Structure formats: C-alpha cells, structure tokens
Amino acid sequence: MTLRLYNTLTSEKELFDSVKPGEVGIYLCGPTVYKPSHIGHAVGPVIFDVIKRYLTFKNFKVTWVLNVTDVEDKLIAEAEAQGRDMLELARDLERQYVDAMGAMGVKNIDYMPRASEHIQEIIDHINDLIEKGHAYVVEGDVYFDVSKDEDYGKLTNRKADDQESGTREGLVKAAKRNPGDFALWKAAKPGEPASAKYQAPWGVGRPGWHIECSAMAMKYLGKTFDIHGGGLDLKFPHHENEIAQAECATGQTFAKYWMHHGLTRFNTKKIAKSDPEMAKVMESLQIANLLKQHDPESLRFLILQSHYRSPIDFSDEVLKAAKSGLGTFRRLLERVERVTNSDPYKPEMQIERMRDAELDPRGRDLLDELMHLRVRFLEEMDDDFNTAGAIAVLFEIANAMNKYIDAAKLETHSDELPRNMLRAAGGTLVSLGNVLGLFERRPAARAIGDDGKLPQLVELLVNVRKMSREAKQYAIGDHIRDELTKLGITLEDGKDGTRWRID
RNA sequence: GGCUGCGUACCCAAGUGGUUUAAGGGGACGGAUUGCAAAUCCGUUAUUCGCCGGUUCGAAUCCGGCCGCAGCCUCCA
C-alpha cells in the first residue's frame, strides 16, 4: 500500500517518497501568539498530529516541528495595549495554546521553536541572502528582492505584475525596489519595547514575518525536508516567501510537499479577527471557551470527519452531530468492556493475531469482515489522509461488532471463544482509532458537583425505580426515568439490570 | 482586475472516467426488542451529484459556458 498526498506545489496527488529513506521531516506553521487561539487554530495541529501518527504507524521516523512566532508587530501592539511585557504575554498565550492542543490529543510535536530564541539563525539567514544578492538594506530595513528570483510565485502561480495595485497603497515603502519585495528585517521604531529589539549587523530591529519559518525549519529539518504545512490562507504571501528565501539561500528545494488545510468558517465566513461581524462571535470560538462546554474528543472528531482540505463550517449543530457519532463508539466500547471484562482502551489483542482454532463459524465471519474493513481503513488513510473515509470505516466496524454481540448473545451467555473474538475486535477498533488520536482513554464522567455523591444518588433512584417496577408501579418508575433524562442522565434497562450514563 | 478552490439527500460529508443504478454520520419515519423507554439490530429517506452544452461505448468524476459560494492578492491557522 502506498501513500499518496496532495501537493499544493503541483496541484496533484503525488506518491509520497521521503527525502531520506525511512525518515520524514514535517514543519507546520504555528500561531503568532498575540490573541487567544480560536477553534480554527486547532485544525492544523490536529491534522498534522494524525499525519505524524499515520506515518509513524507506517514505520517512518517522523520529526515534527511547529513554530511559535513571538516577535511580531501585532504582538507588540497588543502588549502595548495591555501594558504588559511582550514576551510575557507571548508565553502566556503560548501556554494556553499548548494546553488546548494537549487536551485535543495533539501530543507528538518534537520541537516548538520560538522566533525570539532563533534571532542568530535568522540574522545568518538574512546575511546569506544579502551576500548572494537576493536582499538589500535600506535605512535599517532589509528587503528580499523578488526580481532576482526567477521562481518567485511558483507555489501560488502568480506574477507580481498581475496583482491588483492599490491595495498596497500607502503601505508601499518608497525604498523598496519592487512593490512585491518583502521585509526580512524591520528597523526598530521609537517607543517599541526592548524585548522586540535585536542587534543585527545592519542595525537594531526585529525579523520580518516569513523569515523565522525558513530559518527554523532548516535548522531543525535540514535544507530540504519532506512536508511543509499550514492553513490555506498562508499560501500567499507567507509560504511563497518562505520558499523564495530558503531556495535563494541554499540553491536547493526547500520543502518537497506542501500541504494546506481548509479554513474553519462560521456562517460560511472565515474566522478572522479583523472581520467586525466575526468579532461578535470570536469569544465563543476561542478554544479555551469551547473546551469548557464540549469534550475535546468531540472537537477532534468533528475536525476529522471532513477531509483536511475542505473548509469546516463550525456550529452547535455540527458539534452536536459529532458528539452523537462519537457516542456510538463510546457505548460500544462500554459494551465490550462489560461483556469481555477487560479494558478495551488498553487493547491486548488484535484480530490479526486470531487463530482458526479460536474461532467458531460466526467468529470467523466477523474476522473476515474486520480484516477487510481494516484494509479499507488503511487505504483511505493512504489516499491523502482521508480521515473522513477512515471514520466511515470505523462506523462499519462498530456496526459489525454490535451485530456480533447481538447474534452471539454475548450479554447473556458466557462462552469464552466469542468473548475472545470480541476482545480482539475491540482491540483493532481502538488501535485504528488511535491512529486518528481517538479512543485513547475512557471518556471522563462529567463531573456534576464535586462531592462524588452523584453516583450513589443515581443508584438510589435506580433502586427505588426497580422496587416500583417490581410492584408494577410503572408510572412511578417512568417518572423517575423521565426526570433523570431531563437532567441528562439516561437509564437503560438491560437483562442484567439497569445501567445509567451521563451525557 | 489576477490567482485558487468549491457547489453531492432535510443537515454534515466521502467519492475525481466503468468494481458506485453514489460510502459514512446526524436527524426523521417504520419494524424487531422492551411493561413502556433507552441502547442495539433491520428497513425507508439522492435513478441522482448547481444549471446548460460537449468529449466518450460509458461522467458526480474530463472539457466549455453560465449561475452561486468561499479563499488569496493587506494581518491571518
């Protein structure tokens, strides 16, 4: 099975062939930490987390770099507005970002370099470009000269001349040789904080946007590496400029594959801080706020249920649908746990290891079906990381397992053979889910009240209800159940008694 | 004006030339099960893929035109 991925550079799905055999280097553009992150910021990390998991699953040794830009104009302005130190504010926001990503299961980042801690590398990079005639100094600013780069525009297929003029009006510095030239270094302006001032050979100032990424990517991954990713909105100018800087400096290919994920929208509009309409809902779209009301796995599930290149229209409706869908797996795993008496979240068995002697006819059928579904899952992932297709397969696996439990009457019979088969099936479901960062642990019971007495209270009501039902006083029992349902506690009467769960 | 994408059922969404007279999820409805529910299982919900033409033995998938939506060209994941 071979992995294919869509390369923005060629606008085609290409066969994946790593630069170094068995190793993969990935660079994802991370946040500029000047405002709390919103849900859209989670999309890249979640998808690339899956990409790393899958490549690791395919036995590649993966190095994943996600940068933090903490020296930047808007950050300076925000710190100024809040009367705080720039780097202190940056660290705060970075911590919030890391916590939120961790909660959503993003845990495989190898390096999170900060721009402020790579000033020397940036200066060296700029120096290199100046020496090679690709950049020039004007009054303490350094600009990249696009006219000296024949390949400029190759990522987004654009020529500087065709771009709408006027938008840059007032922003175009007279000192620039071409309107498309961009800053590699910005001279310090009066009143700017000391933490944003660095000494460079051509004067005091700070890096321009773009240069930190090519400098840090090359430091951690080498001059040529495999995958560079980011949001669609970064294609131009950010990634175009990164390519220009890096390739003019090294004379070799920067990133082999460019992957861009779709943008998160709200009411079909991109989530953008500068949009006044969006400003009203921004707060509710902050990850920290969303995590207070929704469990992180649902958010992750929602993101992965569409293809990474498609936009996601975020809303309560889609979130609710994602949560319902996830519930199917959670209930199934609970069922597996009950029936097999083993922890499905720590799988010890997989279907691949089942032997014929351990199977009855029904088990054999399930095994065949699951083997087939497992292959389909991997095929979906091989096809440009089609997580939506992969999740569809997981649902089919869940259906097959539920059917098996029903047909073999595993909830009322205790034959060891089918239970083992179910354990293995659960193991495969969970380990495939793990490739997507799902089903990593038992969902935490929602805490309602901190005194821990809730379970006892529910048990009490369940018992009272049981007594009334035994006395055929169904009205009382139904009342208890209905009222609990209203509180978000669902009762399920099974053959072996009543179970309950909190949604 | 230039450059990108996208438009699949009530909603979300996969599928980019035949293996699909279109996966999967949510919702709704009907059935099995249940005292009744919930959960689970079975079934129904697109002969059709924005519209119009073209290429082809064959198109949701390729080409052209039109309509609609979004992104970039200015900070942006």
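Values below: every heavy atom of this structure, side chains too, minus hydrogens, waters and symmetry copies. Chain identifiers are assigned alphabetically (A, B, ...) following the order of the sequence lines, protein sequences preceding nucleic acid strands; residue numbering begins at 1 within each chain. Quick caveat, the model's predicted, so the values are computed rather than measured.
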Spacing of the P atoms in B:U4 and B:C62 (rounded, Å): 16 Å
Hey, does A:Lys235 reach any base, or is it just sugar-phosphate, or nothing, if we go heavy atoms under 4.0 Å? sugar-phosphate
Determine the Euclidean distance between corresponding P atoms of B:G71 and B:G64; express it in Å to zero decimal places. 25 Å
Test of understanding: with side chain to side chain contact (heavy atoms under 4.5 Å, CB included), list the residues that count as partners of A:Glu317, not counting sequence neighbours. A:Ser315
Pick the C1' atom in B:G7 and in B:U48, then give their distance to the nearest Å. 15 Å
Residues in side chain to side chain contact (heavy atoms under 4.5 Å, CB included) with A:Val281, at least two apart? A:Phe266, A:Met278, A:Ser284, A:Leu285
Step by step, work out the side-chain hydrogen bond (donor to acceptor under 3.5 Å, both in side chains) result for A:Thr156 and A:Glu240. CA-CA 7 Å; A:Thr156 51; A:Glu240 195 70 77; 2.5 Å; yes
Show me, pair by pair, the donor-acceptor contacts under 3.5 angstrom made by side chains of residues 101-115 of chain A, not counting sequence neighbours?
unit_1	atom_1	unit_2	atom_2	d
A:Asn108	ND2	A:Asp49	OD1	2.9
A:Asp110	OD1	A:Lys52	NZ	3.3
A:Asp110	OD2	A:Lys52	NZ	2.8
A:Asp110	OD2	A:Trp64	N	2.7
A:Arg114	NE	A:Glu94	OE1	2.9
A:Arg114	NE	A:Glu94	OE2	3.4
A:Arg114	NH1	A:Glu117	OE2	3.0
A:Arg114	NH2	A:Glu94	OE2	3.0

Between atom NZ in A:Lys154 and atom P in B:U4, what is the gap in whole Å? 17 Å
Under a 4.0 Å N-O cut-off, is there an ion pair linking A:Glu334 with A:Arg501? no
Nearest-Å distance once atom C1' is located in both B:U33 and B:A38: 12 Å
Tell me which residues in residues 101-109 of chain A lie within less than 4.0 Å of RNA chain B, going by non-hydrogen atoms. none
Send over the distance from A:Leu263 CG to B:U4 C1', rounded to a whole Å. 12 Å
Sugar-phosphate, base or nothing in reach of A:Leu394, heavy atoms under 4.0 Å: nothing
Under the side chain to side chain contact (heavy atoms under 4.5 Å, CB included) test, residues paired with A:His294 that sit two or more places apart: A:Leu290, A:Leu319
Within the 4.0 Å heavy-atom criterion, would you say A:Lys320 contacts the bases, only the backbone, or no part of the nucleic acid? nothing
Just the table, please: protein N/O against nucleotides 14-20 of chain B N/O, every pair under 3.5 Å.
unit_1	atom_1	unit_2	atom_2	d
B:A14	OP1	A:His307	N	2.8
B:A14	OP1	A:Ser310	OG	3.1
B:A14	O3'	A:Asn386	ND2	3.0
B:A14	O2'	A:Asn386	ND2	3.3
B:G15	OP1	A:Asn386	ND2	3.2

Let me know the distance between CD1 of A:Ile303 and P of B:A77, rounded to the nearest Å. 15 Å
Taken to the nearest whole Å, CZ/A:Phe395 to C1'/B:C12 is 12 Å
So with a 6.0 Å cut-off around NZ of A:Lys466, is the heavy-atom count from everything else above 12? no
Could you give the distance from CG (A:Asp493) to CZ (A:Arg469), rounded to the nearest 0.5 Å? 4.0 Å
Whole-Å C1' distance, B:U61 and B:G54: 15 Å
Name the nucleic acid region contacted by A:Ala321, choosing base, sugar-phosphate or nothing; use a 4.0 angstrom heavy-atom cut-off, strictly under. sugar-phosphate
Position toward the 5' end of RNA chain B (nearest nucleotide), A:Ile312 or A:Gly40: A:Ile312
Whole-Å P distance, B:A9 and B:A60: 15 Å
Length of the CG-P vector between A:Leu302 and B:C11, whole Å: 18 Å
To the nearest angstrom, the CG-C1' distance between A:Asp316 and B:C12 comes to 14 Å
Which one of A:Tyr6, A:Tyr257, A:Tyr54 satisfies the ring-ring contact (aromatic ring centres under 6.0 Å, His included) criterion with A:Phe16? A:Tyr257
Under 3.5 Å, side-chain donor or acceptor atoms of residues 25-41 of chain A against the rest of the protein: list the pairs with distances, not counting sequence neighbours.
unit_1	atom_1	unit_2	atom_2	d
A:Tyr27	OH	A:Asn67	OD1	3.2
A:His41	ND1	A:His38	N	3.0

Return the minimal non-hydrogen interatomic distance between A:Asp181 and A:Ser147, and the atom names on each side. OD1-N, 4.5 Å
Partners passing salt bridge (charged side-chain N to carboxylate O under 4.0 Å, His left out) against A:Lys409 (at least two apart in sequence or in another chain): none
Considering the options A:His228, A:His260, A:His210, which one meets the ring-ring contact (aromatic ring centres under 6.0 Å, His included) requirement together with A:His238? A:His210
How does RNA chain B look in dot-bracket notation if pairs are Watson-Crick or G-U with both distances under 3.5 Å, crossing ones as [ ], other-strand ones as |? ((((((((.[[[..)..(.....]]]((((((.......))))))....[[[[[..)....]]]]])))))))....
Just checking A:Gly44: base, sugar-phosphate only, or nothing, at a heavy-atom cut-off of under 4.0 Å? nothing
May I have the distance from A:His260 (atom NE2) to B:A77 (atom C1'), rounded to whole angstrom? 11 Å
When the P atoms of B:G53 and B:U20 are compared, how many Å lie between them, rounded to an integer? 29 Å
Picking from B:C75, B:G24, B:A70, which would you name as closest to the side chain of A:Ala392? B:G24
Given the P atoms of B:G24 and B:C63, what is the spacing between them in whole Å? 29 Å
Base, sugar-phosphate alone, or nothing: which one does A:Leu232 contact when heavy atoms must sit under 4.0 Å apart? nothing
Sorted by first residue and then second, give each ring-ring contact (aromatic ring centres under 6.0 Å, His included) pair with at least one member in residues 371-401 of chain A; sequence neighbours left out. A:Phe329-A:Phe395
Test log, rule side-chain hydrogen bond (donor to acceptor under 3.5 Å, both in side chains), inputs A:Asp295 and A:Ser298: CA-CA 6 Å; A:Asp295 85 280; A:Ser298 299; 2.6 Å; yes
Distance, rounded to the nearest Å, where A:Phe301 contributes CZ and B:G26 contributes P: 8 Å
Any chance you could list the contact pattern along nucleotides 31-40 of chain B? Use B for base contacts, S for sugar-phosphate-only contacts and - for none, protein heavy atoms under 4.0 Å, 5' to 3'. ----BBBBSS
Tell me, please, which residues at least two apart from A:Asp99 pass side chain to side chain contact (heavy atoms under 4.5 Å, CB included). A:Arg95
